[in-house]
2 protein chains.
Amino acid sequence: MAETHTSSRHRLQSTDLATEIEFLMARARALGTSKANEQLAALNLKARSYAVLALACSDSRPSQRELAEFLSLDASQIVALVDGLESRGLVVREPDTSDRRSNVIVGTPEGVALYERAVSVVSAAEGKSLGSLSETERDQLRELLARVAFEG
Amino acid sequence: MAETHTSSRHRLQSTDLATEIEFLMARARALGTSKANEQLAALNLKARSYAVLALACSDSRPSQRELAEFLSLDASQIVALVDGLESRGLVVREPDTSDRRSNVIVGTPEGVALYERAVSVVSAAEGKSLGSLSETERDQLRELLARVAFEG
DNA sequence: AGTCAATAGTTTATTTTATCAACTAATTCC
DNA sequence: GGAATTAGTTGATAAAATAAACTATTGACT
C-alpha cells in the first residue's frame with residue numbers, strides 16, 4: 001500500500017519549516033478562513049466583507065483609510081468592498097463633518113442585522129477551527145497574536 | 001489637529017472584530033509575510049517559493065501532491081513553483097520509483113546553499129516580527145498554532 | 001486478464017486579490 | 001496665499017486562487 005495521507009503529513013511535520021511561526025500562521029489561517037468563507041457564503045459575505053461590515057457596525061466610526069490600515073488592505077480595495085456593501089444597503093458613507101475629504105463608514109439597520117447573523121456563523125466556525133484548544137488556551141493564543149498583530 | 005494614526009488604531013482595536021483569532025492571524029501574518037518577503041527578495045525568493053525550497057531541502061522527499069496539501073496550495077500552483085525553482089537549478093523532479101505518476105522534489109546542492117542563506121534571513125525577519133515576545137512566549141505561540149494548523 | 005474508479009501531475013481559463021501610478025478634492029504647514 | 005500632504009477614487013498590471021479538462025499511471029474488483 002502506498003503511503004497514506006496522514007503519514008505523509010507527519011513526515012513533513014517534522015521538517016524545520018513546520019516549526020516556523022510564519023508558516024504555522026499561514027496554514028492555520030488558510031484552514032480557518034476557508035471554513036469561515038464556507039459558512040459566510042450563505043449570507044453572501046466573505047471574510048473580507050465581513051470584516052468591513054463588522055467595523056462599520058461597531059461604534060468606532062472608521063474612515064476608509066482607517067479600514068485600510070487596520071485590515072492590511074490597499075485603499076483601493078476598501079473602495080470596492082464598501083461599494084459592494086453600500087449597494088446592498090448594508091453600510092453608508094457618511095461625510096465626515098470635520099474633514100470633508102473623509103468618509104465615515106457606518107452600518108445601516110439592515111447591515112447590523114446581517115452582521116449579527118454573521119457573527120454567530122463566524123464564531124461557530126471559529127469554534128470548530130479551535131476545537132482542540134481549551135478556553136484558557138484560546139485566550140492565550142488571542143493575547144499572543146494580538147501582541148504580534150499590533151506591535152510597534 | 002486631526003486624529004493621529006495611533007489613536008485611530010486603538011479605537012478600532014477595541015471592536016469585537018479585533019478579538020477574533022481569525023482576524024488577528026490574518027493581520028499578524030500580513031505583517032510577518034511582508035517583512036519576510038522584503039528580505040527574501042534579495043535572494044529572488046518569496047515566502048511561497050521559500051516554503052517549497054525548504055521542504056525540498058529537508059530529508060522528507062515530498063511529492064508535489066504532498067507539497068500542495070502541506071502548504072494549502074492547489075496542485076497547479078505547485079507545478080508553477082517547482083518549475084520556477086527547477087529552472088534555476090535549485091530543485092529537481094526525481095521520478096518516484098514506486099509510483100511513476102509521482103515526482104519527488106529534491107533540493108540540489110545549489111538549492112541547499114540558497115536555502116541555508118534564506119533560513120537565516122527568514123529567522124531574522126521572524127525575530128523582528130516577534131520582537132515583543134519572549135522565548136517562552138514564542139514557544140507557546142508555536143505550540144498553540146501547531147495544534148490549530150494540524151488539527152483533525 | 002480486463003474493466004473501472006481514483007490519483008499525480010499538467011495545462012488552460014477564469015476570477016479574485018495585490019500592487020501601484022495617476023488624478024481630484026480637501027486639508028495642513030509654512 | 002502657495003506648497004506639500006492626505007482621503008478617496010479610478011484604471012492598469014501582476015500575482016494568486018479556483019476550477020475544469022486532459023494524460024499517464026495505479027489500485028480495486030470481478
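In what follows, chains carry the letters A, B, and so on, assigned in the order in which the sequence lines appear, proteins first and then strands, with residues in each chain numbered from 1.
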Next on the checklist: By nearest heavy atom, map A/R101 and A/D83 onto DNA chain D; which one lands nearer the 5' end?
Outcome noted: A/R101
Spacing of [X] atom [atom1] relative to [N] atom [atom2], expressed in whole Å:
X      : N      : atom1 : atom2 : result
B/N37  : D/dA16 : CG    : P     : 8 Å
A/L73  : D/dG8  : CG    : P     : 14 Å
B/E69  : C/dT7  : CD    : C1'   : 15 Å
A/R48  : C/dT16 : CZ    : C1'   : 8 Å
B/K46  : C/dA18 : NZ    : P     : 13 Å
A/D74  : D/dA7  : CG    : P     : 13 Å
A/L67  : D/dA7  : CG    : P     : 12 Å
B/I105 : C/dA8  : CD1   : P     : 13 Å

Checklist entry - Do any side-chain nitrogens or oxygens of A/R93 fall under 4.0 Å of OP1 or OP2 in D/dA7? => result no
Checklist entry - Think B/Q64 has a side-chain N or O under 4.0 angstrom from the OP1 or OP2 of C/dT10? => result yes
Counting any heavy atom closer than 4.0 Å, what does [X] reach on the DNA or RNA strands: base, sugar-phosphate only, or nothing?
X      : result
A/I78  : nothing
B/S63  : sugar-phosphate
A/S102 : sugar-phosphate
A/N103 : sugar-phosphate

Checklist entry - Hey, is B/E126 close enough to B/K35 for a salt bridge, meaning N to O under 4.0 Å? => result no
Item to check | Salt bridge flag under 4.0 Å for residues A/R11 and B/E66 | outcome: yes
Considering only [options], which nucleotide approaches the side chain of [X] most closely?
X     : options                : value
B/V79 : D/dT25, C/dT11, D/dG8  : C/dT11
A/D99 : D/dT26, D/dT18, C/dT27 : C/dT27
A/Q77 : D/dT18, D/dT26, C/dA18 : C/dA18
B/R65 : D/dT18, C/dA18, C/dG9  : C/dG9

Checklist entry - Does A/R61 use its side chain to pair, donor to acceptor, with the backbone of A/V106 at less than 3.5 Å? => result no
Checklist entry - DNA chain C: A/T97 or A/S76, which has the more 5' nearest nucleotide? => result A/S76
Item to check | Parallel, tilted or perpendicular, as decided by the 30° and 60° cut-offs, for the rings of A/F150 and A/F70 | outcome: parallel
Next on the checklist: To the closest 0.5 Å, what do you measure between NZ (A/K46) and OG1 (A/T33)?
Outcome noted: 12.5 Å
